[in-house]
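These numbers were taken from a predicted model, which means no experiment stands behind them.
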Amino acid sequence: METCNKCNRNPPVYFREYSGEKLCKRCYIESIDRKVQRTINKFSMIKFGDHVAVATSGGKDSLVLLSILNAIIGNARGITINAITIDEGISGYRDESLKIVSEFCSKLDVPLTILSYKELFGTQMDEAMKIRPSAKLTSCTICGTFRRRAIDIAAEQVGANVIATAHNLDDEIQTFMINLFAGDVNRMGWNQASSSYKTGCMKKIKPLADTYEREIVFYALQKEIPFQSEQCPYMNESIREEIREFLNRLEKAHPGIKYNSYKSAADISSLVRDGNNQEIVRGICEKCGRDCAKQICSVCKIHENFKPLFRFDR
């Protein structure tokens, strides 16, 4: 009988093509736990006295991240953990995920804070999509911009000084390629890959940045972590999905090509950032007074497109 390459005892349940490993359930779970722990340690993402807010959407990545971080630091003295969730206001989609997040946080005994676009910005995604001035202002641009601001506000409300997001290796490559295709060289330098960075007084970390998306899915299934499988109804407006499919085809034909791309993207980002002597935050928004890289932040720029519907006071 074929056995796990690690323990040489149990039957394998996962074949890691890029390394040739065949792992049993226990060894596979441990391999992901160790990878995340190594990433945290490598970049000193979390230290004594930190209050970590975990951005939790209800999808596989964020719930796996919450589960792993809770296991690592949940009982650690001097470190606090909270889950924060943003309700974008997408009918029939977000309702399910809010239920999953609430039940999972209750099971882990992790405090949960939920904020909505409606209460923060005066509207929700379904409304914004109906009255946006042009299809050139994509759903992902609107939603991503407001979600980042909402996460910052939620983290501030719970008193956190660290925000953990569940961006995985696939996400990092996709973001790099989106900026590459858009000709946005400066933004390529902002992409910090797996390292941590600060915006204002808030430290932001990506503990899953070294981990393949498909491996996170398999981890969730093996650990029986419930997650929302339904995809956002507005996702097809973004080029991200096309890039995801392209990379998946490449990885299937050439195992390991994603990881090599990820390392290259991280190196290029560092070169661009260091070459331009870039800082993540260079000033204060003239309109809302929050940290931004230019005179007016992206949230306020989008807000201008929706007057008078949006009530924006953040």
- request: Could you pull out all residues at least two apart from Glu224 that satisfy side chain to side chain donor-acceptor pair (under 3.5 Å)?
  value: none
task: Identify the residue among Ile40, Val52, Ile68 that makes a side-chain contact (heavy atoms from CB on, under 4.5 Å) with Ile73.
output: Val52
task: Assess whether atom CZ of Arg34 is packed by more than 12 heavy atoms of other residues, nucleotides or ligands within 6.0 Å.
output: yes
- request: Please name all residues satisfying side chain to side chain contact (heavy atoms under 4.5 Å, CB included) with Thr165, sequence neighbours left out, ordered by chain then number.
  value: Ala55, Ile163, His167, Lys206
message: Can you give me the closest heavy-atom contact between Ser139 and Arg132, atom names plus distance?
response: N-NH1, 3.7 Å
task: Can you measure from NZ (Lys42) to OG (Ser44) and round to the nearest 0.5 angstrom?
output: 11.5 Å
- prompt: How would you list, by chain and number, every residue that makes a salt bridge (Lys or Arg N to Asp or Glu O under 4.0 Å) with Glu245, sequence neighbours excluded?
  reply: none
- request: Can you measure from CD1 (Ile225) to CG (Leu63) and round to the nearest 0.5 angstrom?
  value: 7.0 Å
statement: Sequence neighbours excluded, the answer for side chain to side chain donor-acceptor pair (under 3.5 Å) partners of Arg16 is Tyr18, Glu21, Ser31, Glu215
message: I'd like to know if the side chain of Lys203 and the backbone of Met45 have a donor-acceptor N/O pair within less than 3.5 Å.
response: yes
Audit row: Arg290, Glu156, salt bridge (charged side-chain N to carboxylate O under 4.0 Å, His left out) steps and yes/no: CA-CA 13 Å; Arg290 297 186 71 93; Glu156 291 167 2; 2.6 Å; yes
task: Could you pull out all residues at least two apart from Ile239 that satisfy side chain to side chain contact (heavy atoms under 4.5 Å, CB included)?
output: Ile178, Phe181, Glu242, Ile243
message: For Asp109, I'd like to know if atom CG has over 12 heavy atoms of other residues, nucleotides or ligands within 6.0 Å.
response: no
field: Point-to-point distance, once rounded to the nearest 0.5 Å, from CZ of Arg38 to CZ of Phe43
entry: 12.0 Å
message: Hydrophobic clustering (ILVMFWY, side-chain heavy atoms < 4.5 Å, transitive) - are Ile151 and Met202 grouped together?
response: yes
query: Measuring from Asn168:CG to Ser62:OG, what's the distance to the nearest 0.5 Å?
result: 11.0 Å
- prompt: What residues, two or more places apart in sequence or in another chain, satisfy side chain to side chain donor-acceptor pair (under 3.5 Å) together with Asp87?
  reply: none
query: What distance do Leu23 atom CG and Asn5 atom CG have between them, rounded to the nearest 0.5 Å?
result: 6.5 Å
task: Please identify each residue that fulfils side chain to side chain contact (heavy atoms under 4.5 Å, CB included) with Phe15, with sequence neighbours left out.
output: Glu17, Lys22
- line: Closest non-hydrogen contact found for Leu66 with Phe104 is CD2-CD2, 4.1 Å
- prompt: Side-chain donor-acceptor pair under 3.5 Å between Asn41 and Gln37, yes or no?
  reply: yes
query: Going by atom types only, do Ser264 and Ser261 share a side-chain donor-acceptor pair under 3.5 Å?
result: no
field: Non-neighbouring partners of Arg26 that pass salt bridge (Lys or Arg N to Asp or Glu O under 4.0 Å), sequence neighbours left out
entry: Glu30
task: Check whether any side-chain heavy atom of Thr85 lies under 4.5 Å from a side-chain heavy atom of Thr113, and answer yes or no.
output: no
task: Sorted by first residue and then second, give each salt bridge (Lys or Arg N to Asp or Glu O under 4.0 Å) pair with at least one member in residues 48-72; sequence neighbours left out.
output: Lys47-Asp50, Lys60-Glu213
field: Sequence-distant partners of Ser116, side chain to side chain donor-acceptor pair (under 3.5 Å), two or more places apart
entry: Glu119
message: What verdict does the salt bridge (charged side-chain N to carboxylate O under 4.0 Å, His left out) test give for Lys258 and Asp170, after you've listed the backbone C-alpha separation in whole Å, the side-chain angles of each residue and the deciding distance to 0.1 Å?
response: CA-CA 7 Å; Lys258 281 185 185 178; Asp170 295 58; 2.5 Å; yes
Side chains of residues 88-101: which donor-acceptor pairs under 3.5 Å do they make with residues two or more places apart or in other chains?
{"residue": "Glu88", "atom": "OE1", "partner": "Arg94", "partner atom": "NE", "Å": "2.5"}
{"residue": "Glu88", "atom": "OE1", "partner": "Arg94", "partner atom": "NH2", "Å": "3.0"}
{"residue": "Glu88", "atom": "OE2", "partner": "Arg94", "partner atom": "NH2", "Å": "2.9"}
{"residue": "Glu88", "atom": "OE2", "partner": "Arg147", "partner atom": "NE", "Å": "3.4"}
{"residue": "Arg94", "atom": "NH1", "partner": "Ser57", "partner atom": "O", "Å": "2.8"}
{"residue": "Arg94", "atom": "NH1", "partner": "Ser97", "partner atom": "OG", "Å": "2.5"}
{"residue": "Glu96", "atom": "OE1", "partner": "Gln228", "partner atom": "NE2", "Å": "3.3"}
{"residue": "Ser97", "atom": "OG", "partner": "Arg94", "partner atom": "O", "Å": "2.8"}
{"residue": "Lys99", "atom": "NZ", "partner": "Glu103", "partner atom": "OE2", "Å": "2.8"}

task: Give a yes-or-no answer on whether the side chains of Thr175 and Arg240 include a donor-acceptor pair shorter than 3.5 Å.
output: yes
query: Less than 4.5 Å apart, any side-chain heavy atom of Cys7 and any of Cys24?
result: yes
query: Say you draw a straight line from CG of Leu180 to CD1 of Ile173; how long is it, rounded to the nearest 0.5 Å?
result: 13.0 Å
task: Please indicate whether Gln295 has more than 12 foreign heavy atoms, meaning atoms of other residues, nucleotides or ligands, lying under 6.0 Å from its CD.
output: no
query: Can you check whether Gln124's main-chain N or O pairs, donor with acceptor, with Glu127's side chain at less than 3.5 Å?
result: yes
query: Under 3.5 Å, is there a donor-acceptor pair between the Asp210 and Tyr262 side chains?
result: yes
message: Among residues at least two apart in sequence or on other chains, which ones pass ring-ring contact (aromatic ring centres under 6.0 Å, His included) with Tyr28?
response: Tyr14, Phe218
